[in-house]
Amino acid sequence: MGEQPIFSTRAHVFQIDPNTKKNWVPTSKHAVTVSYFYDSTRNVYRIISLDGSKAIINSTITPNMTFTKTSHKFGQWADSRANTVYGLGFSSEAHLSKFADKFAEFKEAARLAKEKSQEKMELTSTPSQESATGDLQSPVTPESINGTDDRVTPDTAFSTESRAEINTVPFPHSSTTITKHWEAELAALKGNNAKLTAALLESTANVKQWKQQLAAYQDEAERLHKRVTELECVSGQTAGVKTQKTELNQTIEELEAELKAKEEELEKLKEEVEKASQLQTQRDSLSQKLQETELRNTELECQLLDLEQRLENRRLESESFRKSLRSLLELLDGKIFQLTELRDSLAKLMESDSS
């Protein structure tokens, strides 16, 4: 069937700034379709996203990748092959959670696929190892060294053959002949044992060499696979390009309408910001005036207290002055009364003298 999309969603795509390694750089001007693809022929999962005809995401999922939620609507993962970090901004937390669940699911599937692939490569490499040591009496494989092979080892095979040959040797009548026969057999056994030991050591060295070659072949296959993946990025999606183009055109129209509405909203916000700035200026001016008024009020309160104190002093002085006046009036009344009596006495004297 080739490579087919198995899950799609829409998100804003970002990549980490290669210079600062801190800031996010948007790779799409609007939300685009982000899809998981599965290649059944190679058992590979990829995340692919197109912005027009440009592939802005082409990331093969490996078992060592991790998708991290950094906020309620944003997630990221690192791709060591592409030497970058991808970020996705979703319209809701539910879309982010769904994408993260799919990432974990396909990551586990990629891990299982890699393990099966390694097992298959080990099984296919075993016959080549056996053919490489065809000049030996019995090849030594990695399974036999690790003790996981149930086949007959060279020593066992040789011992079985030797016992069979010994059993078929006619029994001699002379003890000297028997002794010579056993000595010859012992020498032959020692020689064969030395040959088998050398063959075993050589096979062990060959196994290590084959493992190194296998690792090199795996690295080369990984590099070639990455190259093939990059080359197939655009060509493998030709069938879905038209559908995605239609969706993108519709999305562009919707986003243009949204952009126009956002621009109008932005103008309103600018006006509100200007009004808020003016109100803030007025508020600062009123705050300044209020502080000055409070300061003036404090000064007036101090002056009022001083005037009240002075008024109280004046009142006390006035009260004291009134008391003094009363005393003087009483004294004056007494003097007037005395003068009146004196006048009356003088008048009487004058009247008495005239008579």
- [ ] For residues Asn58 and Arg46, determine if any side-chain heavy atom of one lies less than 4.5 Å from a side-chain heavy atom of the other.
- [x] yes

- [ ] Can you run down the side chain to side chain donor-acceptor pair (under 3.5 Å) pairs that involve residues 265-280, sequence neighbours left out, and say none if there aren't any?
- [x] Gln280-Asp284

Open item on the list: Looking at Ser285 and Thr281, would you say the former's side chain and the latter's main chain have a donor-acceptor pair under 3.5 Å?
Closed with: no

TODO: Please check if any side-chain donor atom of Tyr45 sits under 3.5 Å from a side-chain acceptor atom of Asp39, or the reverse.
DONE: no

TODO: Could you give me the CA-CA distance, side-chain angles and deciding distance for Leu316 and Glu319, then say whether side chain to side chain contact (heavy atoms under 4.5 Å, CB included) is met?
DONE: CA-CA 5 Å; Leu316 293 175; Glu319 188 70 24; 5.6 Å; no

- [ ] Find out whether Thr60 and Asp79 are in side-chain contact, i.e. whether some heavy atom of one side chain is under 4.5 Å from a heavy atom of the other.
- [x] no

TODO: For the pair Phe7 and Phe99, name the ring-plane relationship: parallel under 30°, tilted 30 to 60°, perpendicular over 60°.
DONE: tilted

Task: Point-to-point distance, once rounded to the nearest 0.5 Å, from CG of Leu255 to NE2 of His30 - done: 6.0 Å

Task: Side-chain heavy atoms of Met65 within contact of Ser59, under 4.5 Å - done: yes

Task: Candidate pair Gln76 and Thr70, rule side chain to side chain contact (heavy atoms under 4.5 Å, CB included), full reasoning - done: CA-CA 7 Å; Gln76 66 183 52; Thr70 57; 3.5 Å; yes

Task: From Leu339 atom CG to Leu342 atom CG, the distance as rounded to the nearest 0.5 Å - done: 6.5 Å

Open item on the list: Could you tell me if the side chain of Gln15 sits less than 4.5 Å from the side chain of Val85, heavy atoms only?
Closed with: no

- [ ] Run the numbers on Trp77 and Ile47 for side chain to side chain contact (heavy atoms under 4.5 Å, CB included), then give the verdict.
- [x] CA-CA 11 Å; Trp77 78 95; Ile47 302 175; 3.8 Å; yes

Task: Distance, nearest 0.5 Å, that separates OG1 of Thr20 from CD1 of Ile16 - done: 6.5 Å

TODO: Is it possible for you to say whether Leu112 and Ile6 belong to one hydrophobic cluster, with membership spreading through side-chain heavy-atom contacts below 4.5 Å?
DONE: no

Open item on the list: Using every non-hydrogen atom in the two residues, find where Gly75 and Leu96 come nearest and quote the distance to one decimal.
Closed with: N-CD1, 4.0 Å

TODO: Establish whether Phe74 and Val25 are linked, either directly or via other cluster members, by ILVMFWY side-chain heavy-atom contacts under 4.5 Å.
DONE: no

- [ ] Check whether any side-chain heavy atom of Phe103 lies under 4.5 Å from a side-chain heavy atom of Tyr36, and answer yes or no.
- [x] yes

TODO: Return each pair, listed once, that meets side chain to side chain donor-acceptor pair (under 3.5 Å) where at least one residue sits in residues 329-342; pairs must be two or more places apart or across chains.
DONE: none

Open item on the list: Through direct or indirect side-chain contacts below 4.5 angstrom among Ile, Leu, Val, Met, Phe, Trp and Tyr, which residues connect to Leu332?
Closed with: Ile336

- [ ] Calculate, to the nearest 0.5 Å, the distance between atoms CD and CD belonging to Gln288 and Gln291 respectively.
- [x] 5.5 Å

Open item on the list: With rounding to the nearest 0.5 angstrom, report the CZ to CG distance, Arg314 to Leu311.
Closed with: 9.0 Å

TODO: May I ask you to decide whether Glu312 forms a salt bridge with Arg315, counting only side-chain N to carboxylate O separations under 4.0 Å?
DONE: yes

Task: Carboxylate-amine/guanidinium contact Glu115 Arg111, below 4.0 Å - done: yes

Show me the side-chain donor-acceptor pairs of residues 292-310 shorter than 3.5 Å, one per line, residues at least two apart or across chains.
| from | atom 1 | to | atom 2 | distance (Å) |
| --- | --- | --- | --- | --- |
| Thr293 | OG1 | Lys289 | O | 2.7 |
| Thr298 | OG1 | Glu294 | O | 2.8 |

Open item on the list: According to side chain to side chain donor-acceptor pair (under 3.5 Å), does anything in residues 94-107 pair up with another residue at least two apart or in another chain? List the pairs.
Closed with: Lys69-Ser97, Ser92-His95

- [ ] Return the orientation label for the Trp24 and Phe14 ring planes: parallel under 30°, perpendicular over 60°, tilted otherwise.
- [x] perpendicular

- [ ] Check whether any side-chain heavy atom of Ser49 lies under 4.5 Å from a side-chain heavy atom of Val13, and answer yes or no.
- [x] yes

Open item on the list: Testing the basics here: between Leu88 and Ala11, what is the closest heavy-atom pair and its distance to 0.1 Å?
Closed with: CB-CB, 4.2 Å

Open item on the list: What verdict does the side chain to side chain contact (heavy atoms under 4.5 Å, CB included) test give for Thr27 and Asp51, after you've listed the backbone C-alpha separation in whole Å, the side-chain angles of each residue and the deciding distance to 0.1 Å?
Closed with: CA-CA 8 Å; Thr27 56; Asp51 188 6; over 6 Å; no

Open item on the list: Does any part of the side chain of Ile56, heavy atoms only, come nearer than 4.5 Å to the side chain of Leu50, both counted from C-beta?
Closed with: no

Task: Set of side-chain contact (heavy atoms from CB on, under 4.5 Å) partners for Glu254, sequence neighbours left out - done: Gln250

Task: Atom pair CG/NZ of Leu259 and Lys29 - distance to nearest 0.5 Å - done: 11.0 Å

TODO: Say whether, by atom type as modelled, one donor and one acceptor occur between the side chain of Ser35 and the main chain of Phe37 under 3.5 angstrom.
DONE: no

- [ ] Would you indicate whether the side-chain heavy atoms of Ser91 and Lys73 approach each other to under 4.5 Å?
- [x] no

